[in-house]
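As a basis for the values below, the full set of heavy atoms in this structure was taken, side chains included, without hydrogen atoms, waters or symmetry mates.
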Amino acid sequence: MNPRWNGQFSRFDLVANTAESCRSVVRVRDIEIGGEDFVVMAGPCAVESEDQLLRTAEAVAKAGARILRGGAYKPRSSPYAFQGLGVEGLKILRKARQLTGLAIVTEAMSEEDVDLVAEYADIMQVGTRSMENYSLLEALGRCGRPVLLKRGMTATLEELLCSAQIVAMAGNPDVILCERGIRTFETSTRNTLDIAAVPVLKTVSHLPVIVDPSHAAGVGCLVPALARAAVAVGADGLLVEVHPHPEQALSDGEQSLNFREFRDMMDDLEPYLAIRQAPARLRPQLIAAGGHD
Ligand code: PEP
Ligand code: MN
């Protein structure tokens, strides 16, 4: 391992990849994240109505997603933007799980919301704006559900792992890291997908790593290309925004895929996923050299 990385990350002893650690597999119902499977989480940015969510749940399940995403509590950059349906949204998510069997990932924005969201969610999402909310992280450490920890949009990987360590220290080892793009000087995309973050994180940490190409791109047409990149660099899964009518979405419509686009993206990923299953001699080195398996 690059000695610089080693020195930087090994102090986060519960989440660092060391000679003693083995790769974490986060289990959610019958799904394993960080194991053999590439796990796709998909759904709308926000739960807007029962009809919108149930139709989306059915479509993404049919296309191969295993986990349904959808925000009931929405952290928005603008105070004028749609803030989510709150507990009503959580109830709709629960109904979608009953009808489709999909597991649910949804965001808890504050410490006070944690117990309520944990009653409905299978995975607790921490948004980019909350990555350094330490009282939220500590509450999530005690919530009894896996945590999907999104990288802060201006956070280094060291800071991301520091937040993961806080959740683990508070008693919850089931953390999934998510690269969702960071702020740079580039303006043609909403954020800049730091694709190198995936092999770096998989080298310095034993936690699963997924990619959110939707918030990274900010435009739907780039999402399939970034998803392919995520497969190629060894990510354990994706978090993708899908909406029945992206042009009518109350939030993040520009970066959402419609059902057909999502299906096409899933089909297009197949050959890339097949390479990962191929014997080692046929496939590119997926994990940066020097990591412990
Ligand atoms: C989201 O997943 O809809 C979201 C708000 O993401 P982020 O926190 O990465 O902006
Ligand atoms: Mn969104």
Please list every donor-acceptor pair under 3.5 Å in which a side-chain atom of residues 245-253 meets a protein atom from a residue at least two apart or in another chain.
| unit_1 | atom_1 | unit_2 | atom_2 | d |
| --- | --- | --- | --- | --- |
| D252 | OD1 | R190 | NH1 | 3.1 |
| D252 | OD2 | H215 | NE2 | 3.0 |
| D252 | OD2 | Q255 | NE2 | 3.1 |

Name each donor-acceptor pair under 3.5 Å that joins a side chain in residues 147-154 to protein atoms two or more places apart or in another chain, with its distance.
| unit_1 | atom_1 | unit_2 | atom_2 | d |
| --- | --- | --- | --- | --- |
| K150 | NZ | D212 | OD2 | 2.8 |
| R151 | NE | A155 | O | 2.9 |
| R151 | NH1 | E179 | OE1 | 2.8 |
| R151 | NH1 | D194 | OD2 | 2.9 |
| R151 | NH2 | A155 | O | 3.1 |

Which donor-acceptor pairs under 3.5 Å do side chains of residues 219-238 form with protein atoms, sequence neighbours excluded?
| unit_1 | atom_1 | unit_2 | atom_2 | d |
| --- | --- | --- | --- | --- |
| D236 | OD1 | K202 | NZ | 2.9 |
| D236 | OD2 | K202 | NZ | 2.8 |
| D236 | OD2 | V209 | N | 2.9 |

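With sequence neighbours left out, E254 forms a side-chain contact (heavy atoms from CB on, under 4.5 Å) with no residue at all. Checked against salt bridge (Lys or Arg N to Asp or Glu O under 4.0 Å), E111 has no partners two or more places apart in sequence or in another chain. Contacts of R142 classified as side-chain hydrogen bond (donor to acceptor under 3.5 Å, both in side chains), with partners at least two apart in sequence or in another chain: none. Every residue two or more places apart in sequence or in another chain that forms a salt bridge (Lys or Arg N to Asp or Glu O under 4.0 Å) with R27 is listed here: E32. Every residue was checked against the salt bridge (Lys or Arg N to Asp or Glu O under 4.0 Å) condition with K62, not counting sequence neighbours, and none meets it. M109 is linked by a side-chain contact (heavy atoms from CB on, under 4.5 Å) to Y73, P75, E107, D113, counting only residues two or more places apart in sequence or in another chain. Under the salt bridge (Lys or Arg N to Asp or Glu O under 4.0 Å) criterion, D264 pairs with R260, not counting sequence neighbours.
Put simply, CD on E132 and CG on L160 are 10.0 Å apart, with the number rounded to the nearest 0.5 Å. Taking CE of M124 as the reference point, atom CG of L136 lies at 8.0 Å (rounded to 0.5 Å). Rounded to the nearest 0.5 Å, atoms CZ (R183) and OG1 (T192) are 11.0 Å apart. To the nearest 0.5 Å, the span separating CD1 on I166 from CZ on F12 amounts to 8.5 Å. To the nearest 0.5 Å, atoms CZ (R66) and CG (L102) are separated by 9.0 Å. Taken from CG in L90 to CG in L116, the straight-line distance is 5.5 Å, to the nearest 0.5 Å.
Judged purely by distance below 3.5 Å, without hydrogens or angles, the side chains of T184 and E186 never pair a donor atom with an acceptor atom.
Salt-bridge annotation for R11 and E158: present, with a side-chain N of the basic residue lying under 4.0 Å from a carboxylate O of the acidic one.
With hydrogens and angles ignored, the 3.5 Å screen pairs no side-chain donor or acceptor of R180 with any backbone N or O of P213.
Pairing each heavy atom of A216 with each of T189, the nearest pair is O-CB, 4.0 Å. In plain terms, the two heavy atoms of G34 and P208 that are nearest each other are CA-CB, 3.8 Å.
Through chains of ILVMFWY side-chain contacts below 4.5 Å, L99 is grouped with L54.
Residue pairs meeting the side chain to side chain donor-acceptor pair (under 3.5 Å) criterion with at least one member in residues 159-173, sequence neighbours excluded, are D13-Q165, T156-E159.
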